[in-house]
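Note that these values count all heavy atoms, side chains included, but never hydrogens, waters or copies made by symmetry. Throughout, numbering of the chain's residues begins at 1 and tracks the sequence.
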Amino acid sequence: MNTPIIRSALFVPASRPERIPKALAVGADAVIVDLEDAVQESLKVEARANLDAFLSANPEARLLVRINAPEHAGHAADIALCARHVGVVGVLLPKVESAAHVARVAACAKPVWPIIESAAGLLALADIAHADGVERLSFGALDLGLDLGLSSGSAAAERILDQARYALLLQSRVAGLGAPLDSVFPAIEDREGLARTARDARDMGFDGLLCIHPTQVEIVHRALCPADEELDWARRVMAAASSGAGVFVVDGQMVDAPVLGRARRLLQRAGEACD
């Protein structure tokens with residue numbers, strides 16, 4: 001599956017429809033209008049109506065929607081809303097625990113991004129990743145940590161969560177999906193912590209992060225962008241590759257297919273087209 005790099009996917013609550021245009025203008029690679037965790041239960045119906053009205057009034061807008069979980073009373077209505085609007089270009093499915101959960105959502109003919117948030121979801125990850133309609137995976141570190149009994153924020157908890165990240169990366173690759181997105185970074189004021197987390201995600205093979213505040217987008221994009229010296233190296237590798245040689249040398253080091261692939265990936269992450 002050939003999917004674009006998504007460095008940032010910014011949540012905005014459907015209960016605050018005036019924020020949707022602002023979120024679309026921030027520069028995130030994707031905007032996710034949230035019908036789930038960011039909306040209190042008493043406002044669920046109103047939030048769905050808000051999103052319906054926004055999409056009807058702004059047919060040019062393109063966004064993703066995080067619907068309510070499979071067991072929620074509003075789940076079917078959320079799917080129907082997504083199916084009605086061409087502006088919904090993907091559906092985030094929270095608390096997914098089976099391929100059957102995915103199948104219900106995929107019936108609306110939109111790409112599905114399952115969010116793994118439980119031990120059961122992790123156990124069924126291979127089936128979920130291979131389900132029809134899945135485009136990329138993500139996970140909810142807070143919910144998953146709670147389900148597993150982890151001490152949130154501790155080094156020990158991160159060691160366990162890194163195993164979940166490895167599972168997402170592995171299953172995404174085997175299923176031919178886009179690279180997964182890391183969980184949200186909840187400490188909005190901790191800019192350096194966010195940048196460090198984004199760099200770690202990049203180095204682990206993730207495309208980017210789910211974001212919960214507009215100020216996080218620029219920080220994530222900067223952190224994910226390759227350094228100038230990396231880009232210079234990648235450009236020289238691609239220039240040398242134009243000779244057509246299968247194996248060649250750049251800066252005294254052998255370049256073969258895997259190294260060429262890394263150079264291409266660096267340029268793609270920086271938004272530079274390459275053959």
Side-chain angles (χ1 to χ4, degrees), residues 1 3 6 9-11 13-14 30-39 41 44 47-48 51 63-83 88-150 160-184 201 206-212:
M1 183 180 291
T3 55
I6 301 292
L10 175 63
F11 283 107
V31 169
I32 306 162
V33 179
D34 194 8
L35 295 170
E36 198 220 8
D37 279 352
V39 178
E41 194 62 36
K44 295 283 189 180
R48 190 182 307 113
L51 178 55
L63 46 81
L64 296 101
V65 177
R66 178 164 70 174
I67 63 175
N68 284 289
E71 304 307 319
H72 190 274
H75 182 70
D78 291 348
I79 295 173
L81 168 66
C82 294
V88 178
V89 295
V91 180
L92 274 75
L93 176 59
K95 301 175 177 62
V96 57
E97 295 185 341
S98 70
H101 285 166
V102 175
R104 294 178 206 162
V105 179
C108 76
K110 308 286 186 179
V112 182
W113 294 12
I115 308 176
I116 305 302
E117 300 183 89
S118 67
L122 268 181
L123 195 62
L125 186 55
D127 288 341
I128 292 168
H130 283 86
D132 289 342
V134 172
E135 184 173 75
R136 72 174 72 239
L137 302 172
S138 187
F139 79 109
L142 296 175
D143 284 287
L144 181 58
L146 180 64
D147 192 48
L148 293 174
L150 307 182
I160 296 297
L161 291 175
D162 279 346
Q163 295 186 53
R165 291 181 174 98
Y166 169 69
L168 263 70
L169 187 67
L170 180 66
Q171 296 301 334
S172 295
R173 184 60 180 166
V174 171
L177 308 179
L181 296 182
D182 207 345
S183 184
V184 300
F206 281 59
D207 256 3
L209 276 70
L210 300 173
C211 297
I212 57 173

For this session: Kindly indicate whether the side chain of Pro180, heavy atoms from C-beta on, has any atom under 4.5 Å from the side chain of Ser172.
Result: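 Side-chain contact under 4.5 Å: yes.
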Exercise. Can you tell if the side chain of Ile67 reaches within under 4.5 Å of the side chain of Val105, non-hydrogen atoms only?
Worked result: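 Heavy-atom side-chain distance check passes, below 4.5 Å.
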For this session: Just do the side-chain contact (heavy atoms from CB on, under 4.5 Å) check on Val102 and Ile128 with the steps written out, would you?
Result: CA-CA 7 Å; Val102 175; Ile128 292 168; 4.1 Å; yes
Exercise. What are the two closest non-hydrogen atoms of Ala141 and Ser183, and how far apart are they?
Worked result: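 In this case the closest contact between Ala141 and Ser183 is N-OG, 2.9 Å.
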For this session: Please lay out, stage by stage, how Phe139 and Arg165 fare under the test side-chain contact (heavy atoms from CB on, under 4.5 Å).
Result: CA-CA 8 Å; Phe139 79 109; Arg165 291 181 174 98; 3.7 Å; yes
Could you list the residues that satisfy side-chain hydrogen bond (donor to acceptor under 3.5 Å, both in side chains) with [X], not counting sequence neighbours?
{"X": "Asn68", "result": "Lys44, Asp78"}
{"X": "His75", "result": "none"}
{"X": "Glu71", "result": "none"}

Problem set entry | Residues in salt bridge (charged side-chain N to carboxylate O under 4.0 Å, His left out) contact with Asp37, at least two apart in sequence or another chain |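 With neighbours one apart ignored, the set is Lys95.
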For this session: List in chain and number order the residues that pass salt bridge (charged side-chain N to carboxylate O under 4.0 Å, His left out) with Asp127, two or more places apart in sequence or in another chain; answer none if no residue qualifies.
Result: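 With sequence neighbours excluded, Asp127 shows a salt bridge (charged side-chain N to carboxylate O under 4.0 Å, His left out) to no residue whatsoever.
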Exercise. How far apart are the C-alpha atoms of Val33 and Phe11, what are their side-chain angles, what is the distance that settles it, and do they pass the side-chain contact (heavy atoms from CB on, under 4.5 Å) test?
Worked result: CA-CA 6 Å; Val33 179; Phe11 283 107; over 6 Å; no
For this session: Check side chain to side chain contact (heavy atoms under 4.5 Å, CB included) between Ala120 and all other residues, then give those that pass, not counting sequence neighbours.
Result: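 For Ala120 the side chain to side chain contact (heavy atoms under 4.5 Å, CB included) partners, ignoring immediate neighbours, are Glu97, Ser118.
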Problem set entry | Distance (rounded to the nearest 0.5 Å) between Asp182 CG and Leu209 CG |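 Atom-to-atom, Asp182:CG and Leu209:CG are 5.0 Å apart.
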Problem set entry | Leu144/Leu161 under side-chain contact (heavy atoms from CB on, under 4.5 Å): CA gap, chis, key distance, verdict | CA-CA 8 Å; Leu144 181 58; Leu161 291 175; 4.1 Å; yes
